[in-house]
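The structure under discussion is supplied below as structure tokens; questions concerning it will follow.
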Amino acid sequence: MERREPTTKIYEKLHEIVKVLLDPVIAAIFALFIGAVIITVLGDSVVVAYSALWKGAFGSTRSMGQTFMSATPLIFTGLAFSVAFRCGLFNIGSEGQLYMGAIIGAWAGYAFTGLPSLAHVSLVLILGGTAGAAWGFLPGFLKAKLGVHEVINTIMMTYIAINLTNWLVSSDGPMRHGSTLQATPFVADTARLKVLIPSTRLTTGIIIAFFVAFCIWVLLWKTKLGYKVRAVGLNNMAAECGGIDSNRYIIYAMMISGALAGLGGAVETIGVHGRFYSGFSPGYGFEGIAVAMLGANHPAGILLSALLFGALKSGAMTMQIVAGTNSELVKILQAIIIFFIAGKWSIITHLESRQKKKDGLKSNIRGDETWKQSTQ
Amino acid sequence: MNIVEMKNICKQFPGVQANDHIYLDIREGEIHALLGENGAGKSTLMNVLYGLYGPEKGEICFKGKKVDISCPNDAIKLGIGMVHQHFMLVPPFTVTENIVLGTEPSRGPLLDYKQAVSAVKKASHKYGLNVDPDALIRDISVGMQQRVEILKVLFRGAELLILDEPTAVLTPQEIEDLYRIMKNLRDNGHTIVIITHKLKEVKHISDRVTVLRNGKNIGTVQTGETDEKTLAKMMVGRDVVLRVEKPPCTKGNEVLKVTNLHAGNYRRLPALKGCSLDVCEGEIVGVAGVEGNGQTELIQVLTGLQSWSEGEIRFKGKKLEHTATPQKMLKSGLGHIPEDRQKRGLVLDFSVKENMIMGFEDSKELTKSIFIDYEKVNDFSRLLVKEFDIRTPSIETKAGKLSGGNQQKVIVARELARNPRLLIAAQPTRGLDVGAIEFVHNQLIYQRGIGRAILLVSYELEEIMALSDRIVVLYDGQIIQSFENEKVSMEELGFWMGGGSRKAI
């Protein structure tokens, strides 16, 4: 057995970790650079704009609070996408799952009174997660039994969720309360999450998010279920041969994925708003996809990536007020980051393939891997 | 006179020196065998000659003159042609269309098909390569497909032909045909380089043989002046047992009985049309046959991967239900070495240890409630790695980084750790080097010795004959013959593999 030095092993592990975490960092730097160009073109000062952005994101306890608060829903939707992705699925319906979790969570929050705080919050979260899981179950089931692609189903389910919840809080909807906003009643105080930093809106939701991220890490890499999910995602045929019922785990993965998004919706509801209202999400579900991809679909990367997006959102307001730079710039930065992810896949693969062409690698290096293609 | 001289060729890939200062000369009008294990660098070297790769160092001389071959077109212009191991033919096109592809005769803007056909007929006649110009590639036999490939190369004026593992896919009869064609071409002034890892083939067909090992040229010898044992030693670097010792068979109880099995393939067409066989403890039953006669479907049915329409399967005396799944089969004592280790045997992105526990991830020994006990997994994997001498930097290494032989060892180790009553080994030594083949064969013989029932499915007739106690021939979805190993010859097997008299048992 070719034995490697222990230090080499550690170095290799570090190398892997750095590779994973490098993406959010490079993406941010790249985006900031392009942003700087745009700011200059707009006639503003880059230094003023970016220092305001930084201040708004990390400059004070309040801004930190804002950053973490903005990151919270993205952690959930990012985790949601990543779990499905690890099973080889594209769950792009986390927005719908988020909405279902939010409205069911809201209902659990206002429909019950007199419960101790811990129990009430737990109830909200459990029901919110379950609603999301149910919303993820159907696409998973259809994929497993009928082979219907989840990309289509999850988008359709999102439309259903948004319209359903809109109706529920519309003027003739059963959950409507109040006359100004299309919203449910406020949830009971016992169902609200505790504020962590006074005079901010940061709640224990962020702690829940971090905890859930840890749980997902444990789930995927330490449990039997996680092992099977990853096996199905990496090589479905080998998993089947090895005795894993891939259909079953596809369904499980979609349910967990949906539950995470639903949980995010519930947390956002009882953490930030106190009630469900129509259109409360500016697209957290879809942003979560970018967050997950940027975070290499790994809980650690997702936390970092969500914080980055949160920081951008948090800093945007300050940048607008102090530097006068339009806060929409932040949306441009986000878009550049997303382009970077999409482009990076092709930049890196492009570079790799150019290197391969130089080496003349049109097929595998090792002769023993030149398989005969199956006789089709 | 040397038609080709490759001097000091160095070709490196990330992490491996595929060609290490190789000097090779090919004489005009000879059949030169390039022999070596997988990964030795022989395909790489020929790809350099053919212009597919660019070497870092070294030069090539063609007919005495230094040449620069930077792409296959350069090679073709010089008169070098290559027939690859995986054919590059367009299945829905005709033989003619494939042969003239790229050099089509035209009448104005239109393809002159008539002229193309007559040109193909002429070439076919000239070289003694029998092809049907109007047949579709997907309808013709593999042997004819190969002849089309060779014609393609000759059509472009090749004087030097490079054949990469040409007999990998042929029946014994077709192999004989190919040898005849090769000798014919040589006698007509062509030069042939044949890349192979089969010692018998080298002895049979070549004039000279060059052995490569680890990217280096170990030596070139006259074929007539050497023997298989010496060549094997050159290939591997140590003495190799070419034919494993096989103690006499002690048959036990019947473990598997298949009766009149009917099953379809992925296209819903019938693949197994009434197949019957049985395997007992302590014996190796070899299923001989050319690829495409139902082997894949047979294995899929037995391992629970697909259903069957008619017939009965008895495993350990119990009838198999149509609801059999791989999980059930593995649990009830089946081990399966799949024929495609990368597609079905391993998750390449998983580490060695993660692959090692595939199928065991629910067992009490390796788990603690819902968690996988990775400490036990580590011990389990390390034990197997040691026992089977799997060469890997660590059990955390991704399986995709291992060599083919070591990947196969992981699978073999894992399947045997299941302690199966019946082991199905499909193409267990495909793509493996001599050392790894020796290992796998020894393992199978050993397992047979301790009472396991083994069903061996292989397209390598030599392997079937070396290992099996009984040999059955699968042809067109049926077992048409069954032999005791000692009582049958390769020629006879070849005859039945091609259909024989088509009488099913």
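Each chain gets a letter, A, B and so on, in the order the sequences are listed, and its residues count up from 1. In what follows, every heavy atom counts, from backbone to side chain, and hydrogens, waters and symmetry copies are set aside.
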Quick check: does any side chain N or O of Glu150(A) sit under 3.5 Å from a backbone N or O of Phe90(A), one acting as donor and the other as acceptor? yes

Which atoms of Ile357(B) come close to chain A, meaning under 4.5 Å heavy atom to heavy atom: side chain ones, backbone ones, both, or neither? both

As an exercise: rank Ala231(A), Ala238(A), Gly226(A) by heavy-atom pairs under 4.5 Å with chain B and give me the winner. Ala238(A)

Chain B contact via Leu219(A) - side chain, backbone, both or neither, heavy atoms under 4.5 Å: neither

Segment of Thr303(B) engaging chain A (4.5 angstrom heavy-atom cut-off): neither

Check whether Leu346(B) gets within reach of chain A through its side chain, its backbone, both or neither, counting any heavy atom under 4.5 Å. backbone

Any idea which of Tyr374(B), Phe87(B), Phe350(B) has the most non-hydrogen atom pairs under 4.5 angstrom with chain A? Phe350(B)

Whether the Asn406(B) and Thr392(B) side chains hold a donor-acceptor pair (N or O, under 3.5 Å, no angle test) is what I'd like checked. no

In terms of relative ring orientation, are His298(A) and Trp221(A) parallel, tilted or perpendicular, with 30° and 60° separating the classes? tilted

Between Lys228(A) and Glu361(B), does at least one N-O distance fall below 4.0 Å, as a salt bridge requires? yes

Chain A heavy atoms under 4.5 Å from Glu354(B): which part of the residue, side chain, backbone, both or neither? both

Rounded to the nearest 0.5 Å, how far does CD1 of Ile195(B) lie from OG1 of Thr44(B)? 9.0 Å

If you look at every heavy atom in Ile411(B) and His336(B), which pair is closest and at what distance? CG2-O, 4.5 Å

What part of Leu330(B) gets within 4.5 angstrom of chain A, counting heavy atoms only: side chain, backbone, both, or neither? side chain

